[in-house]
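See below for the structure under consideration.
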Amino acid sequence: MEHITEFCTGCRTCEQVCPKSCISMTFSSEGFLETFIDSSRCIDCGMCQKYCPQNNLQVNPLPQKVFAVKYRNDKELYQSASGGAFVALARYFLEHNGVCVGASYYNDWNVGHKVVRNLDDLVSLQSSKYVQSDTLQTYSEVRSLLRQGIKVLYSGTPCQIAGLNSFLGNIDKTNLLTIDLICHGVPSIKLFKSYIHWLELKYGEPITDYNFRDKSAGWGLNCKIKTKTKVRIKSCTIDPYYYHFLKGDTYRECCYRCLYSRPERVGDVTIGDFWGIESIIPEFFSKKGVSCLTLNTPKAMSLIPILDSMFSVKDVLLNNVMKFQGNLVAPTPRPDMRNSVYKLLDEKDLETFFGIVLAYPPDFKAEIKALLPEWMKKKLRKIVSTVMA
């Protein structure tokens with residue numbers, strides 16, 4: 001077997017364009033999907049190199065419009081990571097006989113892209129999954145759907161959207177709308193599943209649900225961990241996986257050299273948290289969350305007439321978003337810890353790895369808050385809200 005490129009993002013484009021099906025995806029020692037060529041079957045056609053988005057960077061010009069948005073549907077907004085930009089657009093597609101594609105948890109805490117065809121299944125694509133999602137066969141599925149004249153909304157990291165665009169080539173994309181996420185970088189599924197297993201050992205029962213962006217205390221960076229008997233909500237500052245994800249210690253190597261961490265985007269639309277909105281438009285801030293939404297192509301601009309029906313909307317400048325979203329400017333810097341973190345994952349037991357290797361600074365306020373039962377935290381929030389009113 002022969003490796004294709006060290007810059008591989010694991011998007012699966014080459015695998016699905018290979019005319020001899022001699023490219024396979026395997027997991028590296030760190031747990032990231034990598035592409036390999038079976039040289040005994042390869043005919044040197046060059047299709048994999050031609051279609052690899054890492055070899056052929058194609059981006060749109062700077063966004064044509066930039067907005068701060070808040071979804072008007074409070075229930076679905078609550079289940080979203082920030083301002084509900086994705087779910088609003090996804091709902092629109094589903095209600096107009098289209099389909100949506102995005103990242104979802106599936107068996108044994110794997111994360112992969114799937115096609116959703118009805119509103120009941122849409123919730124599985126909501127909220128952030130801070131781990132690399134496997135695109136599986138969705139590129140080929142999208143091609144088939146487009147050939148049937150079905151409208152498709154596809155959401156993913158910029159490298160995944162670049163892979164989809166490259167895979168589709170010259171096929172008619174009139175019915176396709178792509179959303180790229182403002183991405184910091186992705187840890188491996190091996191690390192994430194090890195983390196879930198560590199939590200299960202720690203709590204003594206299986207994890208039944210995990211949400212990186214719980215909004216019980218409002219928009220922010222809190223995770224919710226559910227088991228059969230308990231629900232635990234805690235800040236990112238006191239969680240080993242989350243803390244080191246935000247520091248950038250555990251990303252795929254190519255993330256530190258990301259071609260897409262720039263204001264010129266690959267998707268028709270770009271979405272992310274609108275951090276700092278309280279300093280730009282104070283009256284637009286909401287504890288329920290605010291998204292930034294950039295329209296990067298003429299196709300995306302055609303959405304403008306329907307935005308007001310979905311969102312509360314404010315026009316903003318791109319620089320307003322870039323000020324608080326560093327990955328619209330440059331990739332995450334590679335920290336020294338990245339040299340050893342996955343090696344130590346193999347060498348250490350889970351308690352040592354997540355308790356010592358992925359240690360985090362003391363945050364006593366957050367630790368005490370995490371120990372309080374949810375009923376007490378809700379009562380305290382209600383008291384504070386009454387006093388502040």
Side-chain angles (χ1 to χ4, degrees), residues 7-13 30-33 53-54 57-60 63 66 80-83 85-86 89 101-105 111-113 125-135 138-139 153-166 177-189 191-192 212-213 221 236 241-276 289 291-294 296 300 318 321-335 338:
F7 298 102
C8 173
T9 66
C11 73
R12 290 186 178 267
T13 300
E30 294 185 340
F32 292 105
L33 275 175
Q54 295 295 85
L57 178 63
Q58 295 184 23
V59 296
N60 298 304
V66 183
S80 302
S82 49
F86 166 73
L89 293 171
V101 187
S104 174
Y105 294 120
V111 179
H113 270 53
L125 305 187
Q126 286 186 253
S127 202
S128 302
K129 286 88 177 173
Y130 293 141
V131 61
Q132 185 169 33
S133 175
D134 187 346
T135 61
T138 54
Y139 290 179
L153 177 73
Y154 196 107
S155 171
T157 60
C159 58
Q160 291 171 335
I161 299 303
L164 175 64
N165 287 337
S166 184
L177 185 77
T178 56
I179 298 178
D180 72 53
L181 310 172
I182 301 175
C183 177
H184 308 293
V186 290
S188 78
I189 193 65
L191 177 62
F192 178 65
F212 280 106
R213 299 297 300 275
L221 298 173
C236 62
Y241 182 97
Y242 211 153
Y243 175 80
H244 287 276
F245 164 76
L246 293 173
K247 282 191 67 184
D249 292 328
T250 56
Y251 300 162
R252 189 177 182 125
E253 285 288 3
C254 62
C255 296
Y256 305 111
R257 299 168 289 181
C258 178
L259 301 175
Y260 313 103
S261 292
R262 55 199 298 162
E264 303 89 355
R265 308 300 291 175
V266 292
D268 296 303
V269 175
T270 296
I271 61 174
D273 289 273
F274 204 133
W275 302 124
S291 292
C292 58
L293 186 151
T294 76
N296 310 321
L318 180 60
V321 182
M322 292 169 64
K323 190 185 302 183
F324 299 96
Q325 283 281 11
N327 293 103
L328 283 178
V329 180
T332 301
R334 188 182 188 280
R338 183 59 178 82

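Computed from a predicted model, the values in this text were never measured in an experiment.
- In this structure the side chain of Thr294 never reaches within 4.5 angstrom of the side chain of Val269, judged on heavy atoms.
- Note that OG1 of Thr138 is 9.0 Å distant from CZ of Arg12, once rounded to the nearest 0.5 Å.
- Remark: Leu259 CG to Glu264 CD distance equals 12.5 Å, nearest 0.5 Å.
- The shortest distance between side-chain heavy atoms of Met322 and Pro263 falls below 4.5 Å.
- For the pair Cys292/Ile182, a side-chain contact is recorded, criterion being any heavy-atom separation below 4.5 Å from C-beta on.
- With contacts defined as side-chain heavy-atom distances shorter than 4.5 Å, the pair Lys129/Phe192 does not qualify.
- Within the 4.5 Å cutoff, no side-chain heavy atoms of Phe245 are placed close to those of Leu191.
- Of the possible polar contacts, one joining the Tyr256 side chain to the Tyr251 backbone as a donor-acceptor pair under 3.5 Å is found.
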CA sep, side-chain torsions, deciding dist, call: Leu153, Phe86, side-chain contact (heavy atoms from CB on, under 4.5 Å)
CA-CA 10 Å; Leu153 177 73; Phe86 166 73; 4.1 Å; yes
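- Put simply, the side chain of Glu253 does not reach to within 4.5 Å of the side chain of Phe32, judged on heavy atoms.
- Among Cys8, Ser188, Pro187, the one residue that satisfies the side-chain contact (heavy atoms from CB on, under 4.5 Å) test with Arg252 is Cys8.
- Between Thr9 and Cys254 there is a side-chain heavy-atom pair separated by less than 4.5 Å.
- The side-chain contact (heavy atoms from CB on, under 4.5 Å) search around Arg213 returns Ala81, Ser127, Ser128, Tyr130, Asn211, Trp219, Leu221, Tyr242, Asp273, Trp275, not counting sequence neighbours.
- Rounding to the nearest 0.5 Å places OG1 of Thr332 at 7.0 Å from NE2 of His184.
- Rounding to the nearest 0.5 angstrom, the gap separating the CD atom in Gln54 from the CZ atom in Arg257 is 9.0 Å.
- A donor-acceptor contact closer than 3.5 angstrom links the side chains of Ser133 and His113.
- Between Pro158 and Val266 the shortest heavy-atom distance is O-CG2, 3.4 Å.
- Closest approach of Val111 and Ala103 over heavy atoms only: CG1-CB, 4.3 Å.
- Within the model, atoms CG of Leu89 and CG of Asp268 stand 11.0 Å from one another, a figure rounded to the nearest 0.5 Å.
- In this structure, the side chain of Thr178 does not engage the main chain of Gly267 through any donor-acceptor pair within 3.5 Å.
- Rounding to the nearest 0.5 Å places CG of Leu328 at 6.5 Å from CG of Leu318.
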Between Cys11 and Tyr139, does a side-chain contact (heavy atoms from CB on, under 4.5 Å) hold up when you go through it step by step?
CA-CA 9 Å; Cys11 73; Tyr139 290 179; 3.7 Å; yes
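- With Thr13 contributing its side chain and Gly163 its backbone, the two residues share a donor-acceptor pair below 3.5 Å.
- Residue Tyr260 is tested with Cys255, Pro53, Pro331, Cys183 for a side-chain contact (heavy atoms from CB on, under 4.5 Å); the sole match is Pro53.
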Report the C-alpha distance between Tyr241 and Val131 in whole Å, list the side-chain angles of each, state the deciding distance to 0.1 Å, and finish with yes or no for side-chain contact (heavy atoms from CB on, under 4.5 Å).
CA-CA 10 Å; Tyr241 182 97; Val131 61; 3.7 Å; yes
Working note: Leu246 + Cys236, criterion side-chain contact (heavy atoms from CB on, under 4.5 Å); need CA distance, chi angles, decisive distance, verdict.
CA-CA 8 Å; Leu246 293 173; Cys236 62; 3.6 Å; yes
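- In this structure, the side chains of Thr270 and Pro63 stay at 4.5 Å or more apart for every pair of heavy atoms.
- With sequence neighbours left out, Arg265 forms a salt bridge (charged side-chain N to carboxylate O under 4.0 Å, His left out) with Asp180.
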